Amino acid sequence: MLKIGKYEFKSRLFLGTGKFSSLEVQKQAVKASETEVLTFAIRRLDIYNPDQPNFLEMLDLERYTLLPNTAGATTVEEAVRIARLARASNLCDMIKVEVIADTKTLLPDPIATLEATRILVEEGFTVLPYTSDDPVLARKLAEAGAHAIMPGGSPIGSGQGLLNPSYLRLIIEESPVPVIIDAGIGSPADVVQAMELGADGVLLNTAVSGAKDPVKMAEAMKWAVIAGRLGYEAGRIPKKPYASASSPQEGMLTS
Ligand SMILES: CC(=O)[C@@H](O)[C@H](O)COP(=O)(O)O
């Protein structure tokens, strides 16, 4: 069971809801993933055109915990304002803090992320900051009261997988709160790698929405999370420089 603040989840796969070719494909992919947590940008909700089809209306919201995110925010003030708007709209008090530093890399602004986290924790939100793979920053976010840490594997939407597994491992080893690897996942193999490192979960979007068959990929991601977690819990064998026979040698007849 994954526990984040007062929330508990069986599934360790968090799914983003952007960039699907249609609401129907998105709905089927969400179902196939068996995720329990859906994230979406508050800014994407078109409050000025309530007649437009809205992905939230397509889903059985009883089955999912919504994780609104502050995507699009570039300052502390914007992120805090978006989070308050989400809570005031009764969406959820859990918020993914995303304060982006620049449009080319979409990397998070570390200082603004830390500051926004402090403010939102103080205001009683369940706070999940999207952060870089810096172990020092991750420690400071946890000290600030973040309920989970979400370091990026690689830039959002890049599909490059885990660029710095060593630092991600450090974050995971040290973190007193769950670590969810967020962004840059390209394939189920990346998910397995993240989970085998000991991540408590993964958040992904583009790898599913941009796949040739998003529904099939959503299911593949579900199994990758499960396989990676089982592998982590089972404990992999150490890597050795030389071969060692798989069958016992003792008692073998020699001529
Ligand atoms: C949906 C969301 O929150 C994204 O900003 C997230 O970081 C996922 O990134 P990928 O699209 O690279 O999986």
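Ligands are counted one by one from 1 in listed order, and the atoms in each one are counted from 1 as well. None of the values given here were measured: they were computed from a predicted structure.
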Stepwise salt bridge (Lys or Arg N to Asp or Glu O under 4.0 Å) test for E174 and R139: CA-CA 8 Å; E174 203 185 290; R139 186 190 307 152; 2.6 Å; yes
Donor-acceptor contact present, side-chain T35 to main-chain L13, <3.5 Å: yes
Pair K19-T206, side-chain donor/acceptor within less than 3.5 Å: yes
Please tabulate, one line per pair, the protein N or O atoms found under 3.5 Å from any N or O atom of ligand 1, giving the distance to one decimal.
from, atom 1, to, atom 2, distance (Å)
ligand 1, 3 (O), K96, NZ, 2.6
ligand 1, 7 (O), K96, NZ, 3.3
ligand 1, 7 (O), D182, OD1, 2.7
ligand 1, 11 (O), T206, N, 3.0
ligand 1, 11 (O), T206, OG1, 2.4
ligand 1, 12 (O), G157, N, 2.7
ligand 1, 12 (O), G184, N, 2.9
ligand 1, 13 (O), N205, N, 2.9

Distance-only donor-acceptor check, side chains D200 and Y232, under 3.5 Å: no
Test salt bridge (Lys or Arg N to Asp or Glu O under 4.0 Å) applied to E122 and R118, step by step: CA-CA 6 Å; E122 185 71 22; R118 278 203 187 101; over 6 Å; no
Derivation of the salt bridge (Lys or Arg N to Asp or Glu O under 4.0 Å) call for K140 and E143: CA-CA 5 Å; K140 286 182 187 292; E143 285 167 0; 5.3 Å; no
